[in-house]
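Right, one structure below, let's go through it.
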There are 2 protein chains.
Amino acid sequence: MYERKIPELLDCGLAVSIKVIGGKWKAWIIDCIRRGVRRPSAIHKEMHEVAPRIINMHLKELEEYGLIYKKVYAEIPARVEYCFTEVGYSVLPVVDILEKWGNEHKEYIYQHKEGYQADSCPFERKTA
Amino acid sequence: MYERKIPELLDCGLAVSIKVIGGKWKAWIIDCIRRGVRRPSAIHKEMHEVAPRIINMHLKELEEYGLIYKKVYAEIPARVEYCFTEVGYSVLPVVDILEKWGNEHKEYIYQHKEGYQADSCPFERKTA
DNA sequence: AGCCATAGGGAAAAAATTTTCCCTGCCTGC
DNA sequence: GCAGGCAGGGAAAATTTTTTCCCTATGGCT
């Protein structure tokens, strides 16, 4: 296990939210589960560009935070499903809003970054 | 300059949003500017636990994305202020929502992570 | 000449995250 | 036997992000 060297400040709401859904793939995993893709192997197939190991790690993290919980069916072969807790459901609108804002502004951000030079500015410039 | 080895997928709204406000301190910087703390040195003082270098880098990134822009006053000593663009203003409600969600659930997440064991679960357990 | 403030960046170290590789175990089917 | 699917993790490498250290330049003050 990896041990942090610098303590996190989790008393701030912003930090908590970023921590929970800020991982590279966590929001996608949340989206998978929401769409009914609940089994690890199924999620792995959906996100074929991501290594299963990482998805497992993110799933575990989300489980630790209490956003999802694990149902282990006593079937053969082993069958596992991840479902949202109450708090897990409460994060869905937040994910939606992020998704929405990103989609509405991605072209702007793209183009701005393309055309960006240290001395160009969309508004006033070097006020005299 | 650092060059990425793995290209980013910025066609997804979620990725864009996380990229823009997901940095370790970017949301705080945005909050500073919103509260009227617009000069680099002033932001540095507000965020005294963060190295100025990082704040400068984040500011530059936010400027590249077109969320903020730089006003350079021809004064002595040099005077710089960062202000929101239209798109910058549009991200404020998103930040608010993250902050709000985090504050509402941080205790839960805290406690859950504390008491977490691989085989405890707040709901059903190991469905037969 | 010092030292203060302003704004800013290069280089490298440190830390954190992500990724790859390979292993455990169970069972099914061939 | 061997191969496949299932769920999962340890160790180390690779990548990315964050941090520290030190530098640029301007001008004011003593």
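Quantities reported herein were computed from a predicted structural model and do not represent experimental measurements. So that the names make sense, note that chain A is the first sequence line, chain B the second, and so on, each numbered from 1.
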Under 4.0 Å between a Lys/Arg side-chain N and an Asp/Glu carboxylate O for [X] and [Y]?
| X | Y | value |
| --- | --- | --- |
| B:E81 | B:K70 | no |
| B:E3 | B:K5 | no |
| A:K113 | B:E64 | yes |
| B:K26 | B:D31 | no |

Assign each of B:P52 and A:R39 the nucleotide of DNA chain D bearing its closest heavy atom; nearer the 5' end lies the nucleotide of A:R39
Assign each of A:V50 and A:E3 to its nearest nucleotide of DNA chain C by heavy atoms, then name whichever residue's nucleotide is nearer the 5' end.
A:E3
Across the strands shown, which category fits [X] at heavy-atom distances under 4.0 angstrom: base, sugar-phosphate, nothing?
| X | value |
| --- | --- |
| A:H44 | nothing |
| A:K26 | nothing |
| A:A51 | base |

Considering only side-chain heavy atoms of [X], which listed nucleotide, [options], is closest?
| X | options | value |
| --- | --- | --- |
| B:K70 | D:dT19, C:dG8, D:dG8 | C:dG8 |
| A:K24 | C:dG8, C:dT18, C:dT6 | C:dT18 |
| A:M57 | D:dA7, D:dT19, C:dT19 | C:dT19 |

[atom1] of [X] versus [atom2] of [N]: gap in Å, rounded?
| X | N | atom1 | atom2 | answer |
| --- | --- | --- | --- | --- |
| A:E61 | D:dG8 | CD | P | 16 Å |
| A:W25 | D:dT15 | CH2 | C1' | 13 Å |
| A:E64 | D:dG8 | CD | P | 13 Å |
| A:K60 | C:dT17 | NZ | P | 15 Å |
| A:E81 | D:dG8 | CD | P | 12 Å |
| B:Y2 | C:dA15 | OH | P | 18 Å |
| B:I55 | D:dT19 | CD1 | C1' | 12 Å |
| B:R53 | D:dT24 | CZ | P | 15 Å |

Taking only side-chain N and O atoms of [X], does any of them lie within less than 4.0 angstrom of OP1 or OP2 on [N]?
| X | N | answer |
| --- | --- | --- |
| B:K45 | C:dT6 | yes |
| B:Y82 | C:dG8 | yes |
| A:K5 | C:dA13 | no |
| B:S41 | C:dA5 | no |

Residue among A:H105, A:E99, A:E107 satisfying side chain to side chain donor-acceptor pair (under 3.5 Å) with A:N103:
A:E99
Do A:R79 and D:dG5 share a donor-acceptor pair, side chain to base, under 3.5 Å?
no
Six-ring centre of B:Y82, B:R38 cation under 6.0 angstrom, axis tolerance 45°:
no
